[in-house]
Amino acid sequence: MRRASLGFAVLAVGCFGQPPPAAAPAAFKLGKVTVTGSFRSRTESWNWFQPDSGDNDYAYSGNILRVGLSQSLERWDWNAEFAAPFLLGLPENPIGPGTQGQLGLGANYLVANNRNRNAAMVFPKQLFLRWKQAGGNRAHSLRVGRFEFLDGSEMTPKNTSLAALKRDRINQRLLGAFGWAHVGRSFDGAQYVYARPSGVFTAMGAVPTRGVFQVDGWGWNQAAFGYASYTRPWGRKAHAAETRFFALSYDDWRGVLKTDNRSLAARRGDAANIRIETWGGHSLHAVETRGASLDVVLWAAAQTGHWGVESHRAFAVDVEAGIQPKSLRRLKPWLRGGFYDGSGDGNANDDRHETFFQVLPTPRPFARFPFFNMMNSRDRFAILILRPHPKVTVSSEFHALRLSNSQDLWYTGGGVFQPWTFGYAGRAVNGGRSLANLYDTSLEYRVHPRIMMTAYFGYAQGRAIASAIYPQGKNGQFGYLEALYRFW
């Protein structure tokens, strides 16, 4: 598909994204068992930065069918959900020479599925038991098996602005289901929750499943994590707030080639485990005034541990603020701005790794045109959301993207998804820092409680790094239309 077809794909094709968490799923009863189902279809059109060779301008279809059975009893819940992802018309050769690398996510799907341009599989997406009322106390629950989990989602605020901020700006920064991908990931393990109105404590340990880009989601990966958090709401009616503290321990013992700024010889000689501890938290605040609703988002994390044979020290911080004027009732605008900084490594030849490691996130909410992530990244951004109708939401974003350290790499990816692939890719930047300016717009139309249509278009104006790596064309484009139908 050539460049002229990009606009056509954005205007003419519907594709499904993740359903809004606030929407109740359609379902029906089969005896005492609840049956749920959904089908998501998306056509993506990519025009990656122009390589010296390789197909950077293409389109393909990604789809996933999910059918689940569940039952909620007085002391037990159980859930068995199966997924059937299928990919159609993947590009034939979406890989550039050398540093130019994989040219958009079409390349990720192609390589992850043995270069098959059409791929499909059926596998259990969720399969768990949940024990409620441990010791006769309804505050306790224990879930064991395969399930999805988003860090930050342990508690949903009653304040609608805080709930939206958590969903879009906090949840799954470090642990996520990668639900925007056409396969996604789950976790095999156990999760304990102690939930009271005054706060929620969560502890879990799990192994990430295969999937994300690989349609075969049956197996495990040789990586695991332990996570604990405490989330507490506070404040008054005019000043709603929530604070969470968390700890995350991650261990990757696959021995695959690591992605970092060391030489290839140094990385080949390092098969030691990655063991990283992350401590952090967030604090959300929403203040009601006579003329506007104001909000502030704070999120930060610090990391220690070992990156193979190197020690690891890194950090990340995100600061945001927003305003919703009450005078423009027809458009209901929400204007937000902020700054994110994720540390990078300034010396490839010492014994310390200082690139912030994003662990197992869902990157797409924070990089809607996913040519970057939170590693060695500095992002100044502005967001405008318009809600002119209860069924329509328009969101436009601007991101000025730079690398935190010019001696490190330009990173992409979202963590382990198969045993033989590291999960993050990096491009050497030869001392540059300015990556790109991203301009994008999305339109969500809730056609029906069971049907959601989404259209997206993003334009990346390449700066010094993109220009140096892709001298044939420093700019990139990405668009899709998506449709989600919940039939049960």
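Count residues from 1 along the sequence.
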Student: Between Tyr340 and Phe366 (judged by ring centroids, cut-off 6.0 Å), do the two rings come close enough to count as a pair?
Tutor: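 Centroid distance Tyr340-Phe366: not below 6.0 Å, so no.
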Student: Between Trp218 (side chain) and Val122 (backbone), is there a donor-acceptor pair under 3.5 Å?
Tutor: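 Side chain of Trp218 to backbone of Val122, a donor-acceptor pair under 3.5 Å: yes, one is there.
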Student: Would you call the rings of Phe357 and Tyr250 parallel, tilted or perpendicular if under 30° counts as parallel and over 60° as perpendicular?
Tutor: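 It falls in the tilted class, 30° to 60°.
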Student: Any luck finding a side-chain donor-acceptor pair between Thr393 and Arg446 under 3.5 Å?
Tutor: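 Note: Thr393 and Arg446 side chains meet the donor-acceptor criterion.
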Student: Counting only N and O atoms by type, is there a donor-acceptor contact under 3.5 Å from the side chain of Asn475 to the main-chain atoms of Gly462?
Tutor: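 Present.
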Student: According to side chain to side chain donor-acceptor pair (under 3.5 Å), does anything in residues 96-106 pair up with another residue at least two apart or in another chain? List the pairs.
Tutor: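 For residues 96-106: Asp52-Gln100.
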Student: With a 3.5 Å cut-off and no angle check, do the side chains of Thr454 and Glu444 form a donor-acceptor pair?
Tutor: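 Their side chains do not contain a donor-acceptor pair, so the 3.5 Å distance test is not met.
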Student: By the salt bridge (Lys or Arg N to Asp or Glu O under 4.0 Å) test, which pairs, at least two apart or in different chains, include something from residues 260-270?
Tutor: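 Residue pairs passing salt bridge (Lys or Arg N to Asp or Glu O under 4.0 Å), neighbours aside: Lys258-Asp270, Asp260-Arg262, Arg262-Asp270, Arg262-Glu310.
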Student: Between Ala223 and Val207, which heavy-atom pair has the shortest distance, and what is it?
Tutor: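 Minimum heavy-atom separation between Ala223 and Val207: O-CG1, 3.3 Å.
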Student: In terms of ring plane angle, is the pair Phe86 and Phe39 parallel, tilted or perpendicular, where the classes change at 30° and 60°?
Tutor: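 Because their plane-to-plane angle is under 30°, the rings of Phe86 and Phe39 count as parallel.
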Student: Check whether Ser404 reaches the backbone of Gly342 with its side chain - one donor and one acceptor, N or O, closer than 3.5 Å.
Tutor: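 It does hold such a pair.
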Student: Tell me which pairs pass side chain to side chain donor-acceptor pair (under 3.5 Å) where either residue lies in residues 80-92, with sequence neighbours left out.
Tutor: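 Listed by first then second residue: Arg66-Glu81, Glu81-Gln126.
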Student: Short question: side chain of Asp151, backbone of Leu174 - any donor-acceptor pair under 3.5 Å?
Tutor: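 Such a contact is found between Asp151 side chain and Leu174 backbone.
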Student: Between the main-chain N or O of Leu88 and the side-chain N or O of Ser61, is there a donor-acceptor pair closer than 3.5 Å?
Tutor: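 Such a contact is absent between Ser61 side chain and Leu88 backbone.
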Student: For the residue pair Phe369 and Phe478, categorise the inter-ring angle as parallel (less than 30°), tilted (30 to 60°) or perpendicular (more than 60°).
Tutor: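 It falls in the tilted class, 30° to 60°.
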Student: By ring pair (Phe, Tyr, Trp, His ring centres under 6.0 Å), which residues pair with Phe246, not counting sequence neighbours?
Tutor: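 For Phe246, no residue satisfies ring pair (Phe, Tyr, Trp, His ring centres under 6.0 Å) once neighbours in sequence are set aside.
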Student: Looking only at the side chains, is there a donor atom on one of Glu44 and Trp46 sitting less than 3.5 Å from an acceptor on the other?
Tutor: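 Yes, side-chain donor-acceptor contact under 3.5 Å.
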Student: Mind jotting down which residue pairs meet the side chain to side chain donor-acceptor pair (under 3.5 Å) criterion with at least one end in residues 432-443? Sequence neighbours excluded, please.
Tutor: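 Applying side chain to side chain donor-acceptor pair (under 3.5 Å) to every pair that reaches into residues 432-443, excluding sequence neighbours, yields Arg368-Asp440, Arg368-Ser442, Ser396-Thr441, Asn437-Gln461, Tyr439-Gln461, Asp440-Tyr456.
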Student: Mind jotting down which residue pairs meet the ring-ring contact (aromatic ring centres under 6.0 Å, His included) criterion with at least one end in residues 100-124? Sequence neighbours excluded, please.
Tutor: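 Sorted result for residues 100-124: Tyr60-Tyr109, Tyr109-His182, Tyr109-Phe213.
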Student: Is there a donor-acceptor contact under 3.5 Å from the side chain of Arg185 to the main chain of Leu360?
Tutor: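 Yes, because the side chain of Arg185 sits within donor-acceptor range (under 3.5 Å) of the backbone of Leu360.
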Student: Pairing donors with acceptors under 3.5 angstrom, does anything connect the side chains of Thr355 and Asp345?
Tutor: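 Distance-only check fails for Thr355 and Asp345.
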Student: Distance-only, no hydrogens or angles: does the Ser311 side chain make a donor-acceptor pair with backbone N or O of His306 under 3.5 Å?
Tutor: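 The answer is no, because no donor-acceptor pair under 3.5 Å joins these two groups.
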Student: Measure from the side-chain N and O atoms of Tyr58 to the backbone N and O of Gly106, and report whether any donor-acceptor pair falls under 3.5 Å.
Tutor: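 Yes; judged by distance alone, with no hydrogens or angles, the pair exists.
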